[in-house]
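Positions are given from 1 along the sequence. Side chains included, hydrogens not; waters and symmetry mates left out as well; all remaining heavy atoms used. What you see is a predicted model; the values in this text were computed from it and never measured.
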Amino acid sequence: MKVAIVAVGALARYLAEALIAADHEVVAVSRSKKAWLDDLGIAQRTTDYSVGSLTALLDDCDAAICTLVGGVPDYVAIHKAILAACAATPRCNRFIPSLWAGNLEDFPAEQLEWSDEQVPVIEALRAQSDVKWTGICVGWFADYILPSSQRYLADIDDIWPQGHKDKIFTLYGLGSQRVNFTAARDVAAAVARLLTQDADAWDEFIYVSGEQISWADLWAFTKAQDPAWQVKRKGLSESVKQYAANKDDWSRIVALFEILGHSEAIHFPQERVERHRSKYFEGLKFRTLSELAADAKTKPDIVV
């Protein structure tokens, strides 16, 4: 299968490596070229994200996967253009949008302003039938527990509760909210497997997860890995006030993710995770945090 990765974002490298390992042919479609794509021998096609440009570039592809970073101004427009382009091609009838997030099925509005981007995309996907699609629900990428040298995902600083620079862990309230975590490489392997299956059998949202634990459990895991870590607590009201104050973009985004951490939106019903693992991903391994950390320790020089 020929797969186009469109709007090459942070997850794209994991996907490219997994797709190649699964014998898919991969092309990259983006505004600019990336050296690491050349290193992997992946053909690069540049686009302005207009429907005409994308239609021409996706004409010989069987599927499109978007890894556009959330929060960019043209998030909705780019997704709608990809969808329209896929519908206009003779064979690119599978689309995985950039909804790499939490439980958008049950809690589509929990991500506040980011929901204002995601919900219109979901509505556009549901309004048509020419292109088969699914949203991959991953929870938090577990890779953020690792040093930056062992992940392709860039540092996100205070958006993530582990402050790796000062070894301060921000615990959301009592830390009782349970959250799903999945390693990015395991997500990519799942996508590569999913593309080999009948797209008519895809559910609207497909759940993958390596482990579900609470924030308090993540704090305990962090402390066990390195006793030098310290904890600070931050209540929901503090984050709400910070979000409402809107001191600057970064402060607002950090508060948004803290509020999300208090919510149910990154918590997956275990029944769905198990059902989808049986339906789509039999035999695939989804690592727990401990397993991911162990892999990183035994292979310190590579991205795990």
[Y] backbone acceptor or donor facing [X] side chain under 3.5 Å:
{"X": "Asp155", "Y": "Asp157", "result": "no"}
{"X": "Thr55", "Y": "Val51", "result": "yes"}
{"X": "Glu211", "Y": "Leu289", "result": "yes"}
{"X": "Thr89", "Y": "Cys86", "result": "yes"}
{"X": "Arg45", "Y": "Leu57", "result": "yes"}
{"X": "Asp198", "Y": "Asp200", "result": "yes"}
{"X": "Gln197", "Y": "Tyr280", "result": "yes"}
{"X": "Gln150", "Y": "Lys299", "result": "yes"}
{"X": "Gln212", "Y": "Phe268", "result": "yes"}
{"X": "Asp217", "Y": "Ser214", "result": "yes"}

Quick one: ring pair (Phe, Tyr, Trp, His ring centres under 6.0 Å) pairs with a partner in [range], sequence neighbours left out?
{"range": "residues 65-94", "value": "Tyr75-His79"}
{"range": "residues 81-117", "value": "Trp114-Phe257"}
{"range": "residues 173-203", "value": "Phe181-Trp215"}

For residues [X] and [Y], determine if any side-chain heavy atom of one lies less than 4.5 Å from a side-chain heavy atom of the other.
{"X": "Lys2", "Y": "Asp60", "result": "yes"}
{"X": "Arg31", "Y": "Thr47", "result": "no"}
{"X": "Trp133", "Y": "Gln128", "result": "yes"}
{"X": "Leu104", "Y": "Gln111", "result": "yes"}
{"X": "Ser209", "Y": "Val138", "result": "no"}
{"X": "Val29", "Y": "Gln44", "result": "no"}

Linking I/L/V/M/F/W/Y whenever any side-chain heavy atoms sit under 4.5 Å apart, do Tyr152 and Val3 land together? yes
Scanning both residues in full, the closest heavy-atom pair of Ile82 with Cys66 reads CD1-SG, 4.0 Å
Does Lys232, at its NZ atom, have more than 12 non-hydrogen atoms belonging to other residues, nucleotides or ligands within less than 6.0 Å? no
State plainly whether the residues [X] and [Y] are in salt-bridge range, i.e. N to O under 4.0 Å.
{"X": "Arg94", "Y": "Asp62", "answer": "no"}
{"X": "Arg185", "Y": "Asp143", "answer": "no"}
{"X": "Arg178", "Y": "Glu264", "answer": "no"}
{"X": "Lys167", "Y": "Asp226", "answer": "yes"}

Before giving the answer on salt bridge (charged side-chain N to carboxylate O under 4.0 Å, His left out), spell out for Asp203 and Lys279 the whole-Å C-alpha distance, their side-chain angles and the decisive distance to 0.1 Å. CA-CA 10 Å; Asp203 288 346; Lys279 182 177 180 179; 3.4 Å; yes
CA sep, side-chain torsions, deciding dist, call: Arg252, Glu113, salt bridge (charged side-chain N to carboxylate O under 4.0 Å, His left out): CA-CA 10 Å; Arg252 188 185 71 255; Glu113 63 198 65; 3.0 Å; yes
Under 6.0 Å between ring centres, would you say that holds for Trp219 and Trp229? no
Would you check, one step at a time, whether the test side chain to side chain contact (heavy atoms under 4.5 Å, CB included) holds for Ser30 with Tyr49? CA-CA 8 Å; Ser30 195; Tyr49 293 116; 3.6 Å; yes
Kindly indicate, with the supporting measurements, whether the criterion side chain to side chain contact (heavy atoms under 4.5 Å, CB included) is fulfilled by Val179 and Ile213. CA-CA 6 Å; Val179 180; Ile213 62 173; over 6 Å; no
Rounded to the nearest 0.5 Å, how far does CG of Leu83 lie from CD1 of Ile78? 13.5 Å
Output for pair (Ile145 CD1, Trp140 CH2), nearest 0.5 Å, gives 13.0 Å
Checking Gln230 against Lys223 for the side chain to side chain contact (heavy atoms under 4.5 Å, CB included) test, could you report, in this order, the C-alpha distance in whole Å, the side-chain angles of both residues, the deciding distance, and whether it holds? CA-CA 8 Å; Gln230 300 297 315; Lys223 185 72 170 178; 3.6 Å; yes
Show the numbers, then the answer: is there a side chain to side chain contact (heavy atoms under 4.5 Å, CB included) between Tyr207 and Asn180? CA-CA 10 Å; Tyr207 295 81; Asn180 286 79; over 6 Å; no
